[in-house]
Amino acid sequence: MSVKYDHKEIELRWQAEWEEKSAFAARPGQGEKYYCLEMFPYPSGKIHMGHVRNYSIGDVLARFLRMRGMNVLHPMGWDSFGLPAENAAIEHSIHPAKWTHENIAFMRRQLKRMGLGFDWTREISTCSPEYYKWNQWIFLKFYEKGLAYKRRSTVNWCPGCSTVLANEQVEEGLCWRCASAVEAKDLEQWFFRITDYAEELLDFTHKLPGWPERVLVMQRNWIGKSMGAEVSFPVDGSDEVIRIFTTRPDTLYGVTFMTLAPEHPLVERITAKDTLEEVRSFVKEVVREKKGAGAAALEKLDKKGVFTGAFCVNPLTGAKVPVYVANFVLMEYGTGAVMAVPAHDQRDFEFARAYGLPVKVVINPRGKTLEAESMEEAYVGEGILVNSGPFDGMLNTDAVDAIIDHLEEEGVGRRSINYKLRDWGISRQRYWGCPIPVIYCKACGTVGVDLEDLPVVLPEEVRLTGTGRSPLESAGEFVNTVCPRCKGEARRETDTMDTFVDSSWYFLRYLSPGDDKKPFEKEDARYWMPVDQYIGGIEHAVMHLLYARFFTKALRDLGLHTLDEPFKNLLTQGMVCKETARCGDHGFLSPGEVTGDGKCGVCGAAVEFGAVEKMSKSKKNTIDPDGIIERYGADTTRLFSLFAAPPEKDMEWSAEGVEGSYRFLGRVWRLVTENALLLEDTTTYDEGKDPSLDDSPPLKDLHRITHGTIKKVTGDIEKRFHFNTAISSIMELVNAVYALVRGDSFNNPVGAKVFRESVETVVLLLAPFAPHITEELWQRLGNETPLYKSKWPVLSEDALVKDEVTLVVQVNGRVRAKVVVPVDSTDDDVKEAVMKDARVAEWAGGKELKKFIHVPGRLVNLVVR
RNA sequence: GCCGAAGUGGCGGAAUUGGUAGACGCGCUAGACUCAGAAUCUAGUGGGCGCAAGCCUGUGGGGGUUCGACUCCCCCCUUCGGCACCA
């Protein structure tokens, strides 16, 4: 008697049941809390395999911990403001709101079809006024505290997206989203003062043991802390002073020239009359090169400079050194001026050699004397100071502090710290975002909207042209308003916020999703925060994860909660990849464009296979989850996405692998349905009450394997997130059960009980991975309580104990025999047993036993000569 | 250039503390069932030699530590990721 595994019918039925019962709603206050969160999706249209993997990982964890008795919060929402909605509006004449809401509806259905156990009662969407009202509220609190401010600045302008980008959103001079060359543009912009938190953000990268080291390293590099000194170099024959920042004050006596950034304000003021023309044209050229460098930023520009005709004075030595303008000096970092020490800095060295400038050695490696003339590269290592006045003979690492102290005493410099981190520019000249709640009044100036007037609702009627002006400027009714202070005529800010603002605190909104008095309830935050496990892509290592950390600290300082860090543990999942097909003439080909015998469907040329790359439309190697779910079911799709690789590593999608997972579920299905009568007729083996298994080794083995699997799967899920090995050990258990099913071991009352125990265990252990089929089988096993309310199997340590163990016997490190000994054998017992073995005698007989090594339960190694 | 991660069968991957390398799955081979196929089941499957028992060899390359190394140490190679004029 067999029943077909109808995955679709089973999955839809159980999904309806979970939906109806709100099976996965979190209820604060009951049991130990666990906040499991995956990065919420942008509603781009439909889910892709990256989503499938991300949410499958989170759901396994959430379901597992629920079965372990924890009160799990596992919410879902939508990062629903953003540029694609606007582009769709321009291309297809559909309102961004409509496009977004349709996408959300579609993707929500897809996620539910995946059987993901989310608490849908807490669903949020960042484009809803109920959500972005609190964005605006937070903005105003930041503004009040000076954490939000406006200034004119040179910004990264993406001509493709017609908007400003944050520094974090520029990759190698290109837009992170559309890869257009980023241009410089002067604009009035709102900023968040994330630099106020640079030190704390950096400090806490050392206090997040649950984060992957590489993410922490990336954040540290991004924050880019450098310790050193700021030093003043007076300009000779002028009142002007050039301030420089250096991390190498120990080399101050070796300065032989000075370099300024082309944009440095002093350039115009100190340049000699007769060189002004030359300097100006150089500056122009550099600016032009920098603008054009966007696309070709991979190639570093040649180091170039021009002498200004001016000299400045080294405050320690009194030496006059020439001042150059150089294309490699950045105005944005430090002070825009760099002292040059060619003997001990490679870039300065190259510049000095190119322009015939002197090289002065001030540090000698131990036991060596450097000759400036014959040096072929700068010496950047440690050593002893020379030519450095009172500091001669000092170790350079000690001289750093000594010289800074000296600078401070003389009043010509001070200790200083620099960060690469810049303040976060959040203004975007786009429509589909959160309006910045600010009003400009001729009389009162810049005024924040009153909190009672929030939200500032995004108007529906605007002209979207994508030309670079803020679309909101065209919405007259929105723009023209009255000043909250003087009630006079005023205009609204027409820029919207970077969507990364929306995602910087959404994890807090899930805690109190309906609250209309505050962004979130302090008590809820106290209970649920921090997020115990956050799961998402590595691409957010710097941007989102740094912004969210900043928000958490800033909101703490506003008194909204008391937490330092939002995410206790972070799992960065690998990418979903697939083999590409490529034709020399026609580029990447989709499977449909390749003929049956591996030729290009267009030209018939041989197709190149083998390159495994991240799934992407441009590579034509995507797999649509819908098709897989339709054909194999959500359980198979989830199972395979977890089985193919450990979660933090890239995985390769393979059609055959999916088949394998499907076959496995079929095996489990048949194990229960084909043995329904046997299973119905019995109860689970109970170690305490039922007869001992000592008389039946096969049953005792299976009982032990069953509990070994419980131990292995539990550990793999909770300690290591190694879902792939968890699944394979469940497969091993299934194989072990099948090995006995065809014999007669189970055809007796005790055998049936052991059989039922192992089958129930398979179903329970598999439940987090494949929740539908297991729910169905659980019911078919006659259980009244649905599986989603059931407990994880309990491990019996007693069951794990073996009577005998097989020891591997090595002679001189090579395996030569195996012996079976009682588990409690002493070294001497083992030695006796080993020596009796015929194979051992063959290899070790008649030779001198130098050493006898016994690793209990594992092996024996005889060292003989 | 700097920082980080990784290199294991035909493929995805396993080996948790230095203790039988290749679990589990895919693929492949042979067989059973079938009119046939699909599905399913059984057996085999790192490489070399051998009828076999078995022997040798094998985790990117070279050296080292150890009774014993995929695992620890040193050098090198390759691949991937991040940062990249940061003073």
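So that the names make sense, note that chain A is the first sequence line, chain B the second, and so on, each numbered from 1. Because the structure is predicted, anything quoted here is derived from the model rather than measured.
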Scan [X] against the nucleic acid and name what it touches under 4.0 Å (heavy atoms): base, sugar-phosphate only, or nothing.
{"X": "A:Lys225", "result": "nothing"}
{"X": "A:Val217", "result": "sugar-phosphate"}
{"X": "A:Arg814", "result": "sugar-phosphate"}
{"X": "A:Lys850", "result": "nothing"}
{"X": "A:Val863", "result": "sugar-phosphate"}
{"X": "A:Trp653", "result": "nothing"}
{"X": "A:Arg858", "result": "sugar-phosphate"}

- [ ] Find out whether the Lys NZ or Arg CZ of A:Arg243 is both under 6.0 angstrom from the six-membered ring centre of A:Phe233 and within 45° of the ring's axis.
- [x] no
Open item on the list: Taking the basic N atoms (NZ, or NE/NH1/NH2) and the acidic carboxylate oxygens, is any pair closer than 4.0 Å for A:Arg704 and A:Asp701?
Closed with: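 Looking at A:Arg704 and A:Asp701, the cut-off is met.
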Task: A:Asp716 bridged to A:Lys712 by N-O distance under 4.0 Å - done: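 A:Lys712 and A:Asp716: salt-bridged.
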- [ ] Determine, stepwise, if the pair A:Ser641 / A:Arg53 fulfils side-chain hydrogen bond (donor to acceptor under 3.5 Å, both in side chains).
- [x] CA-CA 6 Å; A:Ser641 76; A:Arg53 192 174 189 205; over 6 Å; no
Open item on the list: By nearest heavy atom, map A:Arg816 and A:Trp222 onto RNA chain B; which one lands nearer the 5' end?
Closed with: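 The residue closer to the strand's 5' end, by nearest nucleotide, is A:Arg816.
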Open item on the list: For B:C67, does the base pair up with any side-chain atom of A:Asn861 as donor and acceptor (N or O, under 3.5 Å, distance only)?
Closed with: yes
Task: Side chain A:Lys711 and base B:U16 donor-acceptor under 3.5 Å - done: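 Between B:U16 and A:Lys711, which were checked side chain against base, a qualifying N/O pair under 3.5 Å is absent.
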Tell me: [atom1] of [X] to [atom2] of [N], nearest whole Å?
{"X": "A:Leu639", "N": "B:G12", "atom1": "CG", "atom2": "C1'", "result": "14 Å"}
{"X": "A:His722", "N": "B:A15", "atom1": "NE2", "atom2": "P", "result": "7 Å"}
{"X": "A:Glu230", "N": "B:A87", "atom1": "CD", "atom2": "C1'", "result": "13 Å"}
{"X": "A:Asp650", "N": "B:C80", "atom1": "CG", "atom2": "P", "result": "12 Å"}
{"X": "A:His7", "N": "B:A39", "atom1": "NE2", "atom2": "C1'", "result": "14 Å"}

Suppose you measure atom [atom1] in [N] against the same atom in [M]; what distance do you get, rounded to whole Å?
{"N": "B:G46", "M": "B:A14", "atom1": "C1'", "result": "15 Å"}
{"N": "B:G22", "M": "B:A69", "atom1": "P", "result": "16 Å"}
{"N": "B:U17", "M": "B:C72", "atom1": "C1'", "result": "13 Å"}
{"N": "B:A21", "M": "B:G68", "atom1": "C1'", "result": "14 Å"}

Open item on the list: Walk along nucleotides 23-33 of chain B from 5' to 3' and tag each nucleotide B, S or - by protein heavy-atom contact under 4.0 Å, base first, then sugar-phosphate.
Closed with: BBSSS------
- [ ] For this output row, return yes or no: ring centroids of A:Tyr324 and A:Phe351 closer than 6.0 angstrom.
- [x]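 Yes: the rings meet the under 6.0 Å criterion.
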TODO: Stems involving RNA chain B: give each as a range paired with a range, ordered by first number, where a stem means at least three consecutive Watson-Crick or G-U wobble pairs under 3.5 Å.
DONE: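 RNA chain B forms these stems: B:1-7 with B:77-83, B:10-12 with B:24-26, B:27-32 with B:40-45, B:46-49 with B:54-57, B:60-64 with B:72-76.
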TODO: Please work out which residues in residues 241-261 of chain A have a non-hydrogen atom less than 4.0 Å from an atom of RNA chain B and list them by number.
DONE: A:Phe245, A:Thr246, A:Thr247
Open item on the list: I want to verify a distance call: between B:A15, B:G54, B:C83, whose nearest atom is closest to the A:Arg720 side chain?
Closed with: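 Of B:A15, B:G54, B:C83, B:A15 is nearest to the side chain of A:Arg720.
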Task: Nearest-neighbour nucleotide for the A:Lys851 side chain, B:U20, B:C67, B:A87 considered - done: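 When the side chain of A:Lys851 is considered, B:C67 is the closest of B:U20, B:C67, B:A87.
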